[in-house]
Amino acid sequence: MKKILVTGGAGYIGSHAVVELYQAGYQPVIVDNFSNSEESVLAGIESILGVAVPTYRVDCADEAALRGVFEAEPNIAGVIHFAAFKAVGESVQKPLAYFQNNVGSLLTLLAVMPEFGVENLVFSSSCTVYGIPDALPVTEATPTKPASSPYGRTKQMCEEIIHDVSGAPDNKLRTILLRYFNPIGAHDSAKIGELPLGVPNNLVPFITQTAAGIREKLTIFGNDYDTPDGTNIRDYIHVVDLAKAHIVAVQRLLDHKADETVETFNVGTGNGNTVLDVVQTFEKASGQKLNYVIGPRRPGDVPAIYADATKAEQVLGFKTETSLADSLASAWKWQQTLKK
Ligand code: UFG
């Protein structure tokens, strides 16, 4: 089994990728500082797979500690780097923490990987790098625009750092940058899923917590945008579909099939849905009536963005499989598990 280091492997997307990696015949090794994840995730992964996944409680920005993981785990074939802070609003409050953590952990990783001859990297990027795009859907060639938050800027900076490092003489790094659209839902087993701390910032956990009676009502942030029903448009991708994109990306790197030292792919469904679409689809999929109100716009929100998913389909052979309704049903099933 080829060994893949998964930083942030106890996080929302990371935990689903660990499961898919193992089921695809890889040996995942988790590195996580558990700053935004819980130990219970490891039990969920073990219960799905029937085996425990080796896990190191290490902060990726701690170079000595990260080196220790590479020493303890010889023959790492590649790294998937999920570990990062991801709350847009918090990044405005604590920009330095975002740069230190998100940029810092990437720099450390890029310094340590070549010491151990590890050349393959899959990096978690985001559609946030496109800013407010001029045309939709966005392709990988759509020019990036100024980011609307320090969080978004860390993703842009990390992409640029990877390009610069890859362009240096004698550098052997090969990277696939995956630009995620909006991940939602949970594993079919409902043994792992999203575990937001405190009041959720993101739409789908807010919806499921409202339906579960934890929140009184959902506030929809604006219905006066230039979209069919006035609410924002996003591309919601099921987290297991997103996790699977990492497996094909890793495989491509290990097979030496990448055309360039850095390749970039959008990972979305290619469909744009409004916030009201999501609410109505959730109501149908769950049988729950959702209490919601229309509120003011949220500062920094992009009016509409969704992926052109053609490149991932043509080059990686990757296509999403789960409908919006099934994704929302899985989020609801997971929420009900949490209530117990
Ligand atoms: N929304 C509401 N009410 C809520 C929460 C969200 O109406 O209570 C709306 C938002 O206005 C937006 C849509 O639901 O139109 C989705 O919002 P999310 O907060 O779920 O996600 P974003 O599209 O804002 O995504 C952003 C960044 C991503 C980043 C993600 C992580 O663009 O890069 O936040 O939190 F990964």
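Both ligands and their constituent atoms are indexed starting at 1 by order of listing. No experiment lies behind these values; they were computed from the predicted model shown.
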Treat each ILVMFWY residue as a node, draw an edge where side-chain heavy atoms are under 4.5 Å apart, and state whether V88 and F221 are in one component.
-> no

Taking only heavy atoms of I220, which atoms of ligand 1 are found under 4.0 Å from at least one of them?
-> 7 (O)

L203 N/O under 3.5 Å from ligand 1 N/O | yes

Quick one: nearest non-hydrogen protein atom to atom 3 (N) of ligand 1, plus distance?
-> T219 O, 2.8 Å

Counting heavy atoms under 4.0 Å, the part of Y180 that contacts ligand 1 is neither

May I have the step-by-step check of side-chain hydrogen bond (donor to acceptor under 3.5 Å, both in side chains) for N202 and Y12, ending in yes or no?
-> CA-CA 13 Å; N202 295 115; Y12 173 42; over 6 Å; no

Test side-chain hydrogen bond (donor to acceptor under 3.5 Å, both in side chains) on N266 and R179 and set out the steps.
-> CA-CA 5 Å; N266 284 339; R179 291 178 174 164; 5.0 Å; no

Please work out which of R215, Q209, R234 has its closest non-hydrogen atom nearest to atom 23 (O) of ligand 1.
-> R234

Check the pair K191, S47 against side-chain hydrogen bond (donor to acceptor under 3.5 Å, both in side chains), reporting the backbone distance first and the verdict last.
-> CA-CA 8 Å; K191 288 178 173 167; S47 150; 3.0 Å; yes

Looking at atom 11 (O) of ligand 1, what's its closest protein heavy atom, distance included?
-> D301 OD2, 2.6 Å

For ligand 1, which atoms, with element, lie under 4.0 Å from some heavy atom of Y151?
-> 29 (C), 33 (O), 36 (F)

Short N-O contact, R67 and E63, less than 4.0 angstrom = yes

To the nearest 0.1 Å, how far is atom 2 (C) of ligand 1 from its closest protein heavy atom, and which atom is that?
-> F221 CD1, 3.3 Å

Any chain of hydrophobic side-chain contacts (each under 4.5 Å) joining V138 to Y306?
-> yes

Are the aromatic ring centres of H246 and Y180 under 6.0 angstrom apart?
-> yes

Considering only protein heavy atoms, which is closest to atom 12 (C) of ligand 1, and at what distance to one decimal place?
-> N232 OD1, 3.7 Å

Any idea which protein heavy atom is nearest atom 19 (O) of ligand 1, and the distance to it?
-> R298 NH2, 2.8 Å

Residue S126 vicinity, atoms of ligand 1 by number, heavy atom under 4.0 Å | 28 (C), 33 (O)

V88, any N or O under 3.5 Å of ligand 1 N or O = no

Which class fits the ring pair W332 and F282: parallel under 30°, tilted 30 to 60°, perpendicular over 60°?
-> perpendicular

Backbone, side chain, both or neither: what part of Y236 comes under 4.0 angstrom of ligand 1, heavy atoms only?
-> side chain

Between R57 and E39, is there a salt bridge with N-O shorter than 4.0 Å?
-> yes

Is the Y98 ring parallel, tilted or perpendicular to the Y151 ring (thresholds 30°, 60°)?
-> perpendicular

Does R252 come within less than 4.0 Å of D259, counting only side-chain N to carboxylate O?
-> yes

For atom 18 (P) of ligand 1, grab the closest protein heavy atom and report residue, atom and distance to one decimal in Å.
-> N202 ND2, 3.4 Å

Which residue and non-hydrogen atom of the protein lie closest to atom 22 (P) of ligand 1, and at what distance in Å?
-> N182 ND2, 3.6 Å

Atom 31 (C) of ligand 1: nearest protein contact (heavy atom, Å) | K86 O, 3.4 Å

With a 4.0 Å heavy-atom cut-off (strictly under), which part of N201 contacts ligand 1: side chain, backbone, both or neither?
-> backbone

